[in-house]
Amino acid sequence: MKTKVLLNSTGLASATRERWQKANYRYNRMHFPISGAAIYHDVNGDKLLEVGGLYLLVNSTAANFELLENEQYYHMYLDFRTVPPLLNRDVLEVDLEHDYYLTYLLKALQCLLQGQEDKKLTARSITGDKAEEELFGQAQSLLRVVISHLCIKYGLQTMENPKIEQAIRYIEKNYANHISNNDIAAELHIDTRYFMRLFKKYVGMSPYQYLTQCRIEHAIDELRGDRSVTETAQLCGYQNENAFRIAFKRVMGCSPTAFFK
């Protein structure tokens, strides 16, 4: 089954733990380091993010990063979601060694942004400066080309149906509650049966299957934070621990305990 990508905000930022901690949600982010380095931690181990690489990270939150002492880390970023979720075990690896076109695109982006680190350039920070606005537009254009190239190379698809995007965001916002296909269809103001066919067509799974994946994705974060299985089940929309364990094994192929071993 192919993965579909939803693209969100983009910009240039300096990385600080305080900035990550202020974010009240977890998100996927493409990191393109401009200067400095940082260490990214997840269940697959540690990865050094350094200039010259391109990294698609599943958990861009404070808990997953270690900033090196006396090291300023600046990166161009692009936030994205994937359908179905990548979960914590499926980080996209970008092979630059044999991809000369992508290497060229990233070198062009790096040259374009050289010396711009301290400006914290984002769409919201541009205040009428034509030079900054032009620079940001060029950087965004290059990032779009990079993503288009990655979609072709890795068999990814961009999500282009606004109703399905709205449905996905509704599910991700309400995953901890009891929600039905009727609830989602009502939110979209469309017929339930039509919604289910539309969702299956664009996402490749039923709304219930997507809801389950979304819950398990958040459950992994809760368990990593030393929550008990019982607490995690309640926080992620399951009526009891047994139902949660069954769903976890169906999605991840093993029990919560075995996964973290």
Set of residues satisfying side-chain hydrogen bond (donor to acceptor under 3.5 Å, both in side chains) with respect to [X], sequence neighbours excluded:
X	value
T103	none
N182	T192
R197	none

Applying side-chain contact (heavy atoms from CB on, under 4.5 Å) to A258 and not counting sequence neighbours gives C254, S255
To the nearest 0.5 angstrom, please state how far the [atom1] atom of [X] sits from the [atom2] atom of [Y].
X	Y	atom1	atom2	answer
T212	M205	OG1	CE	9.5 Å
R169	I171	CZ	CD1	12.0 Å
Y73	S35	OH	OG	9.5 Å

Worksheet item: Has the side chain of E231 got a donor or acceptor atom that lies under 3.5 Å from a matching backbone atom of S228?
Response: yes
Open item on the list: Checking the side chain of N161 only, and the main-chain atoms of I164 only, is there a donor and an acceptor separated by less than 3.5 Å?
Closed with: yes
field: Within the 6.0 Å centroid threshold, strictly below: Y100 and Y104
entry: no
**Report entry** Atom NZ of K249 with >12 non-hydrogen neighbours under 6.0 angstrom
**Finding:** no
Under 3.5 Å, which donor-acceptor pairs link side chains of residues 233-245 to any protein atom two or more places apart or in another chain?
residue: N240; atom: OD1; partner: N242; partner atom: N; Å: 3.2
residue: N240; atom: OD1; partner: A243; partner atom: N; Å: 2.7
residue: E241; atom: OE1; partner: T230; partner atom: OG1; Å: 2.6
residue: E241; atom: OE2; partner: R245; partner atom: NE; Å: 2.9
residue: E241; atom: OE2; partner: R245; partner atom: NH2; Å: 3.0

So salt bridge (Lys or Arg N to Asp or Glu O under 4.0 Å) across residues 176-190, not counting sequence neighbours, yields none
Applied to residues 48-62, the salt bridge (Lys or Arg N to Asp or Glu O under 4.0 Å) test, sequence neighbours excluded, yields none
Practice problem: Show the numbers, then the answer: is there a ring pair (Phe, Tyr, Trp, His ring centres under 6.0 Å) between H31 and Y74? | Solution: CA-CA 9 Å; H31 280 247; Y74 292 93; over 10 Å; no
Contacts satisfying ring-ring contact (aromatic ring centres under 6.0 Å, His included) that involve residues 167-191 (not counting sequence neighbours) are Y175-H218
[Y] side chain reached by [X] side chain, heavy atoms, under 4.5 Å:
X	Y	value
F32	H75	no
I220	L223	no
Q213	Y208	no

Should [X] and [Y] be regarded as members of a common hydrophobic cluster, given that ILVMFWY residues are connected when their side-chain heavy atoms come within less than 4.5 Å of each other, either directly or indirectly?
X	Y	answer
Y55	I39	no
I184	Y194	yes
V51	Y40	no
V203	I190	yes

Should the ring pair F248 and F259 be called parallel, tilted or perpendicular, given that the plane angle runs from 0 to 90° and is split at 30 and 60? perpendicular
Sorted by chain and residue number, the ring pair (Phe, Tyr, Trp, His ring centres under 6.0 Å) partners of Y101 (sequence neighbours excluded) come out as H149
Taken in chain and number order and not counting sequence neighbours, the residues that satisfy salt bridge (Lys or Arg N to Asp or Glu O under 4.0 Å) with R227 are E222
Cluster membership besides I246, Ile/Leu/Val/Met/Phe/Trp/Tyr side chains within less than 4.5 angstrom, sorted by chain and number, is none
Inset, instruction - Report the C-alpha separation of Q166 and I168 in whole Å, then their side-chain angles, then the decisive distance to 0.1 Å, and conclude whether the side chain to side chain contact (heavy atoms under 4.5 Å, CB included) test is met. - result: CA-CA 5 Å; Q166 186 181 351; I168 287 170; over 6 Å; no
On a heavy-atom basis, the closest approach of A108 and L142 is C-CD1, 4.0 Å
